[in-house]
Amino acid sequence: MQALRPHVYWAQRHGEIYLRVEISDAQSLSIGVEENILHFKGQGHGAKGENEYEFSLEFLKPVKPEHLCKMFGCIMKQKKPLFLAPDFDRWLDESDAEMELREKEEKMNKISIESRVRKDPFLGLKKGFLFMYNLVQFLGYSWIFVNMTVRLFILGQDSFYDTFHTIADVMYFCQMLAIMEVINPAVGLVKTGIMPAFIQVMGRNFILFVIFGTLADMQNKPVVFFVFYLWSMIEIFRYPFYMLVCIDTEWKLLTWLKYTIWIPLYPLGVLAEAVAVIQSIPIFDETKLLSIPVPKAIGTSLSFSFILQLYLVIMFLGLFINFRHLFKQRTRRFRTKKRKAN
Ligand SMILES: CCCCCCCCCCCCC[C@@H](O)CC(=O)SCCNC(=O)CCNC(=O)[C@H](O)C(C)(C)COP(=O)(O)OP(=O)(O)OC[C@H]1O[C@@H](n2cnc3c(N)ncnc32)[C@H](O)[C@@H]1OP(=O)(O)O
């Protein structure tokens, strides 16, 4: 008895080929691959009633028997045999297939990220700590910003002259606490570089503790107002943004502000700090405060103003490093968001 060919439905997706052989009550099935040829043999109820059915299919490339389902590209070498029909139930056109592949990849990525995240038993504690840290900073800087704004409205320009005496204690507290921003990436609490945080925290603390803190003559200058106001203006957006990060939430407007408002504020902040440094130079020269003693052959002492002139150069280097860092962070943030939206 000559074996008959069954109806075979064929569908191909990116990494898989589906062959559906239309035989019911199939028995004595023998399916195998030799090099690039698939052999099928079986008995059952098919297109010509109860019979033995068999067919062979030649593919373009050899197929390992253990990888029967792992074939790529256009795999059939011969012209489509007459008994082979497309299986539209499983059929995906190219864009569907691509989309399915992308969805699969995204699912796998999500699973791998989730499993990595789940591995950290202290994650809740870390997030709780960061949330509290950001909350305290937010409250501190909000108090500074609101206080300065209210005083500006009530007293006008007069408020410029006693900013330091009204605000300094809270600013000292917030800026001391901000040292955590260097420690956090150092101990792996936040995944970012230490350098930008170090530049910012040390730069600000230098102005606060050395320039304003040690010179009483600097404390009633209007420049204090501008420095403190510019610092607090970014922080009232930055810390609530971080707080939301800690509870896996996002407010789009806040994200946009956090990643955009530094563009005018950072250069203005550095400019205000530079003005403060320049204004302090004659005071340090006059008072000889913090001057460094040198061997008598060279002179009596090295004025601190020399260090300040050096600091002015370092400051613009710091501005350049951090501006570039903030710009990169911004591009990364909005590029990732855009990709997610597409
Ligand atoms: C005596 C020696 C001195 C030596 C130094 C001399 C240098 C002198 C130069 C001084 C120039 C300083 C001038 C400066 O004082 C002027 C001003 O500040 S003016 C006001 C305007 N300022 C700004 O706009 C700056 C704002 N600051 C920042 O954005 C950051 O503080 C900065 C350190 C610059 C960058 O921070 P970071 O690298 O952490 O970037 P991101 O904010 O994007 O965060 C990265 C990821 O980490 C997560 N993260 C970070 N911190 C926290 C936190 N506290 N809680 C929770 N999560 C946190 C964040 O979410 C990011 O993760 P993801 O991307 O997944 O969201």
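Just so it is clear, the values below take in all heavy atoms, side chains as well, and ignore hydrogens, waters and symmetry mates. One-based numbering, in listed order, for ligands and for the atoms of each.
- Scanning Tyr311, Trp262, Tyr242, Tyr259 for the heavy atom closest to atom 36 (O) of ligand 1 points to Tyr242.
- In this structure, Glu235 falls outside the shell of residues with a heavy atom less than 4.0 angstrom from ligand 1.
- Here the protein heavy atom with the shortest distance to atom 39 (O) of ligand 1 is Thr192 CG2, 3.3 Å.
- Within a 6.0 Å radius of CZ in Phe173, other residues, nucleotides and ligands contribute 12 heavy atoms or fewer.
- Among protein heavy atoms, atom 57 (N) of ligand 1 sits closest to Val190 CG1, 3.8 Å.
- Salt bridge absent: Glu52 and Arg5 never bring a charged side-chain N and a carboxylate O closer than 4.0 Å.
- Listed by atom number, the atoms of ligand 1 under 4.0 Å from Arg333 heavy atoms are 66 (O).
- The shortest N/O to N/O separation between Lys191 and ligand 1 does not fall below 3.5 Å.
- In terms of protein heavy-atom proximity, atom 1 (C) of ligand 1 is closest to Phe206 CD1, 3.9 Å.
- Ligand 1 lies less than 4.0 angstrom from a heavy atom belonging to His325.
- Side-chain contact between Asn51 and Gln43 is absent, with no heavy-atom pair separated by less than 4.5 Å.
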Exercise for review: Could you go through the side chain to side chain contact (heavy atoms under 4.5 Å, CB included) check for Trp262 and Arg330 one step at a time?
Suggested key: CA-CA 10 Å; Trp262 59 268; Arg330 185 177 197 277; 4.1 Å; yes
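- Taking each of Cys246, Gly203, Ala197 in turn, the one with a heavy atom nearest to atom 33 (C) of ligand 1 proves to be Ala197.
- Among Gln137, Met202, Lys328, Gln200, the residue whose heavy atom lies nearest to atom 25 (C) of ligand 1 is Gln200.
- At a 4.0 Å heavy-atom cut-off, ligand 1 touches Arg238 through the side chain alone.
- Ligand 1 has no atom lying under 4.0 Å from any heavy atom of Met243.
- Checked options Phe228, Phe225, Tyr229; the residue passing with Phe160 is Phe225 (criterion: ring-ring contact (aromatic ring centres under 6.0 Å, His included)).
- By the 3.5 Å distance cut-off applied to N or O atoms, Lys258 is counted among the residues near ligand 1.
- In Asn134, the part holding a heavy atom less than 4.0 Å from any atom of ligand 1 is the side chain.
- Using the six-membered ring where Trp is involved, Tyr133 and Phe129 have ring planes that are parallel, under 30° apart on the 30 and 60° scheme.
- Summarising the contacts of atom 20 (C) of ligand 1 with Val210, Val227, Val201, Leu230, the nearest heavy atom is found in Leu230.
- Close contacts of ligand 1 with Met315, meaning ligand atoms under 4.0 Å from a residue heavy atom, involve 8 (C), 9 (C).
- Distance screen at 4.0 Å: atom 54 (N) of ligand 1 has a protein heavy-atom neighbour inside the cut-off.
- Here the protein heavy atom with the shortest distance to atom 21 (C) of ligand 1 is Ile234 CG2, 3.6 Å.
- Contacts with ligand 1 closer than 4.0 Å are made by no heavy atom of Ile261, backbone or side chain.
- Annotation: Glu273 places an N or O atom under 3.5 Å from an N or O atom of ligand 1; distance criterion only.
- A parallel orientation is assigned to the rings of Tyr239 and Tyr141, their planes being inclined by less than 30° (bins at 30° and 60°).
- Residue Pro196 has at least one heavy-atom neighbour below 4.0 Å for each of these atoms of ligand 1: 33 (C).
- Distance screen at 4.0 Å: atom 61 (C) of ligand 1 has no protein heavy-atom neighbour inside the cut-off.
- A heavy-atom distance below 4.5 Å is found between the side chains of Ile179 and Asn205.
- When the heavy-atom distances from atom 45 (C) of ligand 1 to Gln329, Arg332, Arg330 are ranked, the shortest goes to Gln329.
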